[in-house]
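Below, chain A is the first sequence line, B the second, and so on; all start at residue 1.
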Number of protein chains: 2
Amino acid sequence: MARKTGSHAQITGPKIRSEALRLFARHGFAAVSMRQIAAAVGVQAGALYLYTPDKEALLFDLLKTHMDELLEAWAGEPRGAGPVEALEAFVRFHIRFNLSRPDAVFLSYMELRNLGSANFVMIEDLRKAYERELEEILIAGQQAKVFAIPDTKLATMALIAMLTGVTTWFREGGRLSQARIAAIYWDMARKAVGA
Amino acid sequence: MARKTGSHAQITGPKIRSEALRLFARHGFAAVSMRQIAAAVGVQAGALYLYTPDKEALLFDLLKTHMDELLEAWAGEPRGAGPVEALEAFVRFHIRFNLSRPDAVFLSYMELRNLGSANFVMIEDLRKAYERELEEILIAGQQAKVFAIPDTKLATMALIAMLTGVTTWFREGGRLSQARIAAIYWDMARKAVGA
DNA sequence: GTTTTAACTGAACATCCGTTCAGCGGCAAA
DNA sequence: TTTGCCGCTGAACGGATGTTCAGTTAAAAC
């Protein structure tokens with residue numbers, strides 16, 4: 001046997017990435033074998049190597065794509081005039097974006113350690129760039145005296161950790177809607193920075 | 001060769017747990033082999049099975065011990081009279097305890113998925129019990145009208161995520177001392193709940 | 001000084017791992 | 001109708017995996 005009916009290159013590639021993402025997020029990078037991914041795609045293990053040079057590159061591709069999309073989406077996000085409006089935009093954006101990609105968020109926070117050092121640094125830098133976006137909002141608000149923050153760096157890490165945590169417990173169709181959750185988190189974030 | 005000079009049972013057991021904890025936290029449960037743990041301990045792989053029935057039981061033991069110690073330490077922690085004082089005690093305790101055991105904290109949040117369902121539920125229940133401790137403080141403060149929280153359950157998750165996040169970036173000897181960090185986080189937590 | 005026992009070795013088990021590659025079937029262009 | 005090649009198979013590679021166990025030795029018990 002060889003290729004099944006029809007041409008599949010433009011289906012198989014994306015499907016490998018989506019199945020790998022799902023499996024890595026569920027069981028962890030090291031716990032998922034190339035054969036498991038292949039089986040989920042409906043293909044033999046060898047075929048995966050037409051789309052990725054090796055297993056780590058597959059993980060890196062998923063993480064890099066996620067971070068690129070995150071930064072690009074935030075860059076295209078409308079935000080208000082002042083620091084308070086900018087912070088509200090960031091809070092709502094972060095929750096909305098992360099809840100739309102729970103698997104990728106989980107991977108980004110858990111599986112960085114499975115990357116070689118060069119790849120690790122690349123993802124780490126993208127993450128720092130994103131954190132810097134929030135910190136600049138906090139610094140602007142601090143200078144405009146609309147925020148009261150003892151340390152903008154710590155506040156950045158605290159807020160991001162708080163917001164990202166939503167992905168660990170949120171379930172679609174739960175007690176609260178996504179909009180309600182975002183409103184509550186914005187309320188807490190606003191108070192936390194003294195605005 | 002067999003046993004080296006001296007009796008080692010009371011050394012080897014704890015050493016297996018501490019080395020396994022370190023390696024699991026660094027590389028992930030699935031990525032660490034029994035032979036790697038054995039090598040770190042200074043023993044052959046087969047000897048590990050005198051101390052644990054299998055690899056998953058070793059992970060479970062680490063997680064269970066961590067959660068037990070966490071709950072026990074909090075139970076023995078002095079806390080003030082009112083909800084505000086209790087929240088301050090919780091914030092400072094959580095940061096101090098988690099920073100003293102970064103590997104175990106990391107494991108607890110990342111490797112639950114490698115547990116069988118029975119073991120998973122046990123650890124999950126202990127975690128819920130700990131979260132409940134915080135929520136009860138928030139509920140008490142809400143009723144006493146010293147806190148202004150839209151939703152105590154969400155506030156619980158938000159605060160714990162914020163506080164636990166410290167372990168992901170804190171490095172001994174960094175820009176800020178642990179006491180200063182705890183003070184800043186307490187400031188933000190207090191504001192976030194409207195106290 | 002002898003026996004017992006606790007602590008560990010080292011080899012073996014079947015199975016799985018990531019990765020490579022010669023070959024083949026189905027499709028499109030000529 | 002033939003040719004060429006894209007997308008994939010299926011087997012194979014060396015090595016690693018978790019786990020078991022008969023055997024061995026140092027120390028403890030008598």
Side-chain angles (χ1 to χ4, degrees), chain A residues 1-24 26-63 107 111 113-116 118-119, chain B residues 1-24 26-63 107 111 113-116 118-119:
Chain A
M1 220 195 313
R3 180 168 52 163
K4 311 287 180 57
T5 63
S7 184
H8 288 147
Q10 297 181 347
I11 295 172
T12 305
K15 201 169 178 190
I16 288 173
R17 281 184 284 276
S18 68
E19 292 296 335
L21 176 60
R22 194 176 58 81
L23 289 167
F24 286 163
R26 289 242 197 311
H27 309 293
F29 174 74
V32 175
S33 71
M34 294 301 266
R35 276 170 248 260
Q36 281 176 60
I37 298 168
V41 173
V43 104
Q44 293 297 315
L48 301 182
Y49 291 86
L50 298 169
Y51 299 90
T52 184
D54 53 44
K55 196 186 177 191
E56 189 196 316
L58 183 52
L59 174 64
F60 176 73
D61 181 58
L62 293 171
L63 297 180
L107 258 203
E111 303 292 1
R113 61 188 170 190
N114 287 297
L115 257 29
N119 284 341
Chain B
M1 221 197 309
R3 179 168 53 165
K4 310 287 181 57
T5 64
S7 183
H8 288 148
Q10 297 182 347
I11 295 172
T12 305
K15 200 169 178 190
I16 287 172
R17 281 185 284 278
S18 67
E19 292 296 334
L21 176 60
R22 195 176 58 82
L23 289 167
F24 287 163
R26 289 243 197 311
H27 310 291
F29 174 74
V32 174
S33 71
M34 294 301 265
R35 276 171 249 263
Q36 282 176 59
I37 298 169
V41 174
V43 105
Q44 293 297 315
L48 301 182
Y49 291 86
L50 297 169
Y51 299 90
T52 184
D54 53 45
K55 195 187 178 192
E56 188 195 318
L58 184 51
L59 174 63
F60 176 74
D61 181 58
L62 294 172
L63 297 180
L107 259 204
E111 303 293 1
R113 61 189 170 190
N114 287 297
L115 257 29
N119 284 340

Engineer: Short of 4.0 Å, heavy atom to strand atom, which residues of residues 26-36 of chain B count as contacting DNA chain D?
Structural biologist: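 Hits under 4.0 Å, by residue number: Val32(B), Ser33(B), Met34(B), Arg35(B), Gln36(B).
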Engineer: Side-chain contact test, heavy atoms from C-beta onward, threshold under 4.5 Å: evaluate it for Phe24(B) versus Ile37(B) and give yes or no.
Structural biologist: yes
Engineer: Where along residues 43-53 of chain B does a heavy atom come under 4.0 Å from DNA chain C, residue by residue in number order?
Structural biologist: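 Output list: Val43(B), Gln44(B), Gly46(B), Ala47(B), Leu50(B), Tyr51(B).
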Engineer: In whole angstrom, give the distance that lies between atom CG of Asn114(A) and atom P of dG18(C).
Structural biologist: 12 Å
Engineer: With a 4.0 Å cutoff (strictly under), does any side-chain N or O of Thr12(A) reach OP1 or OP2 of dG7(D)?
Structural biologist: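 Negative; the distance criterion is not met.
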Engineer: Which residues in residues 16-24 of chain B have a heavy atom closer than 4.0 Å to any atom of DNA chain D?
Structural biologist: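 Result for residues 16-24 of chain B: none.
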Engineer: Taking only residues two or more places apart in sequence or in another chain, which ones pass side-chain hydrogen bond (donor to acceptor under 3.5 Å, both in side chains) with Arg35(B)?
Structural biologist: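 Counting only residues at least two positions away or on another chain, Arg35(B) forms no side-chain hydrogen bond (donor to acceptor under 3.5 Å, both in side chains).
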Engineer: Would you name the heavy atoms of Leu48(A) and Ile16(A) that are closest together and state the gap between them?
Structural biologist: CD2-CD1, 3.5 Å
Engineer: So which atom in Lys15(A) and which in Val41(A) form the shortest heavy-atom distance, rounded to 0.1 Å?
Structural biologist: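 For Lys15(A) versus Val41(A), the nearest heavy atoms are NZ-O, 3.5 Å.
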Engineer: Atom CZ in Arg17(B), atom CG in Leu59(B): separation rounded to 0.5 Å?
Structural biologist: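 CG of Leu59(B) is found 13.5 Å from CZ of Arg17(B).
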Engineer: Filter on side chain to side chain donor-acceptor pair (under 3.5 Å), then keep only pairs touching residues 53-63 of chain B, sequence neighbours left out; what's left?
Structural biologist: Glu56(B)-Asn119(B)
Engineer: Rounding to a whole Å, what distance do you find between Lys55(B):NZ and dC16(C):C1'?
Structural biologist: 13 Å
Engineer: What is the distance, to the nearest angstrom, from the CD atom on Gln10(A) to the C1' atom on dC6(D)?
Structural biologist: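 From Gln10(A) CD to dC6(D) C1': 12 Å.
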Engineer: What pairs with Glu111(A) under side-chain hydrogen bond (donor to acceptor under 3.5 Å, both in side chains), at least two apart in sequence or on another chain?
Structural biologist: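 side-chain hydrogen bond (donor to acceptor under 3.5 Å, both in side chains) list for Glu111(A), sorted by chain: Asn114(A), Arg113(B).
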Engineer: side-chain hydrogen bond (donor to acceptor under 3.5 Å, both in side chains) with Arg22(A): which residues, sequence neighbours excluded?
Structural biologist: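 Only Glu19(A) meet the side-chain hydrogen bond (donor to acceptor under 3.5 Å, both in side chains) criterion with Arg22(A).
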